[in-house]
Amino acid sequence: MRKLHSLYGLFQTEEQMKITLITVGKIKEKYLKDAIAEYTKRLSRYCRLEIIEVLDEKTPDQASQTEEEQIRDREGERILKLIKEDAYVITLEIAGKMLSSEELSEKINTLGVQGHSHLCFVIGGSIGLGKNVLKRSDFALSFSKMTFPHQLMRVILLEQIYRSYRILSGEPYHK
């Protein structure tokens, strides 16, 4: 932990890391909007945060696999247009690698030390991410084998990014 803290201290003196969340769909529930606003405020002292919402496609009931793939591809095109060339892309996927909070903070720190100053987290819509987005991904991250609503996942991801910065700066956090 001290090693992480000392590396973070070096990185912190440079320009703040930019973190972009690209998400499919809009948040409708006030309690989720409030939580996102709170974590956005908290993160402002650690990084430059940008949250971009892309239009979600309506998925018909009983959609075929082909229809679902077409929807993921259309949403994926919108996502890919927003990913900057220099961004390190982390997609949230059920089949991705599960990390502890400490491991996520170490990953963020290591990426910063390696010169990645822009991390882009991508959260897909209700039926997941298109194959072109998955291909562009530099790292697949999983929070659980369980499925979470993609709107709630934004709050969980922001909380974990915030927790990562607290860990890196040697500040207290709940274990």
Side-chain angles (χ1 to χ4, degrees), residues 4 7-8 11-12 14-27 32-33 35-57 71-144 148-169:
L4 287 177
L7 289 174
Y8 178 71
F11 184 68
Q12 193 177 25
E14 299 172 15
E15 185 179 320
Q16 279 188 326
M17 180 177 282
K18 180 175 183 180
I19 295 184
T20 302
L21 266 61
I22 300 177
T23 64
V24 174
K26 292 199 175 296
I27 298 289
L32 292 174
K33 287 179 181 180
I36 290 166
E38 178 63 27
Y39 283 111
T40 298
K41 184 177 85 176
R42 290 182 187 191
L43 278 165
S44 67
R45 64 183 280 229
Y46 300 106
C47 65
R48 292 179 297 125
L49 178 67
E50 176 183 33
I51 301 174
I52 303 171
E53 295 177 335
V54 300
L55 182 67
D56 60 335
E57 296 281 325
I71 289 168
R72 284 190 295 269
D73 288 345
R74 284 194 297 270
E75 291 174 345
E77 287 173 23
R78 293 182 190 122
I79 291 168
L80 290 171
K81 285 179 185 174
L82 296 167
I83 296 175
K84 305 286 188 230
E85 197 173 304
D86 68 336
Y88 184 92
V89 179
I90 300 173
T91 47
L92 273 61
E93 305 175 41
I94 289 175
K97 181 172 175 138
M98 283 191 235
L99 301 176
S100 67
S101 296
E102 293 81 6
E103 289 168 331
L104 179 60
S105 68
E106 184 176 339
K107 177 101 180 140
I108 290 171
N109 186 69
T110 300
L111 289 168
V113 170
Q114 291 172 345
H116 297 283
S117 60
H118 184 191
L119 302 185
C120 182
F121 290 86
V122 180
I123 302 173
S126 59
I127 59 172
L129 293 166
K131 58 186 172 295
N132 287 336
V133 175
L134 299 176
K135 198 182 309 180
R136 173 59 178 89
S137 177
D138 296 302
F139 185 80
L141 176 64
S142 174
F143 277 78
S144 173
F148 295 101
H150 57 282
Q151 297 94 340
L152 180 60
M153 202 60 232
R154 289 188 214 184
V155 176
I156 295 169
L157 175 60
L158 287 170
E159 189 281 332
Q160 285 299 304
I161 294 169
Y162 173 69
R163 184 179 298 260
S164 292
Y165 279 109
R166 300 276 300 181
I167 291 168
L168 289 171
S169 62

Do [X] and [Y] touch side chain to side chain, with heavy atoms closer than 4.5 Å?
X	Y	result
I27	R154	yes
I156	F148	yes
R74	I71	yes

Output the distance between atom [atom1] ([X]) and atom [atom2] ([Y]), rounded to the nearest 0.5 Å.
X	Y	atom1	atom2	value
E106	I167	CD	CD1	10.5 Å
C120	L21	SG	CG	8.0 Å
I51	T20	CD1	OG1	10.0 Å
C47	I161	SG	CD1	7.0 Å
M17	L49	CE	CG	12.5 Å
K26	E53	NZ	CD	5.0 Å

Minimum heavy-atom separation for [X] and [Y], please, with both atom names.
X	Y	result
Q160	L104	CB-CD2, 3.9 Å
L92	M153	CD2-CG, 3.7 Å
L43	Y162	CD2-CA, 3.6 Å
S142	G96	CB-O, 3.3 Å

Distance-only polar pair, side chains of T23 and H150, donor-acceptor under 3.5 Å:
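No donor-acceptor contact under 3.5 Å links the two side chains.
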Salt bridge check: are R166 and E159 linked by an N-O gap of less than 4.0 Å?
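Salt bridge flag = no for E159 with R166.
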Is the shortest side-chain N to carboxylate O distance from K41 to E38 below 4.0 Å?
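Looking at E38 together with K41, the answer is yes, because their closest N to O distance falls below 4.0 Å.
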Could you walk me through whether I19 and E50 pass the side chain to side chain contact (heavy atoms under 4.5 Å, CB included) check?
CA-CA 6 Å; I19 295 184; E50 176 183 33; over 6 Å; no
Applying side chain to side chain contact (heavy atoms under 4.5 Å, CB included), run through Y46 and S169 and close with a yes or a no.
CA-CA 9 Å; Y46 300 106; S169 62; 4.0 Å; yes
Test side chain to side chain contact (heavy atoms under 4.5 Å, CB included) on L99 and K97 and set out the steps.
CA-CA 6 Å; L99 301 176; K97 181 172 175 138; 3.7 Å; yes
Sequence neighbours left out, what pairs pass salt bridge (Lys or Arg N to Asp or Glu O under 4.0 Å) with at least one residue falling in residues 113-127?
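Sorted result for residues 113-127: empty, none.
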Step by step, would you call K107 with Y88 a side chain to side chain contact (heavy atoms under 4.5 Å, CB included)?
CA-CA 12 Å; K107 177 101 180 140; Y88 184 92; 3.3 Å; yes
Backbone N/O of L55 and side chain of R78: donor-acceptor pair under 3.5 Å:
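Present.
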Under 3.5 Å, side chain of E57 to main-chain N/O of E75, donor-acceptor pair present?
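Such a contact is absent between E57 side chain and E75 backbone.
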Please output the side-chain donor-acceptor pairs of residues 122-138 that fall under 3.5 Å, not counting sequence neighbours, one pair per line with the distance.
unit_1	atom_1	unit_2	atom_2	d
K131	NZ	E69	OE2	2.9
K131	NZ	D73	OD2	3.3
R136	NH1	D138	OD2	3.4
R136	NH2	K84	O	3.4
R136	NH2	A87	O	3.1
S137	OG	T91	OG1	2.8
S137	OG	F139	N	3.3
S137	OG	F139	O	3.0
D138	OD2	V89	N	2.8

Set of side-chain contact (heavy atoms from CB on, under 4.5 Å) partners for E77, sequence neighbours left out
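For E77, no residue satisfies side-chain contact (heavy atoms from CB on, under 4.5 Å) once neighbours in sequence are set aside.
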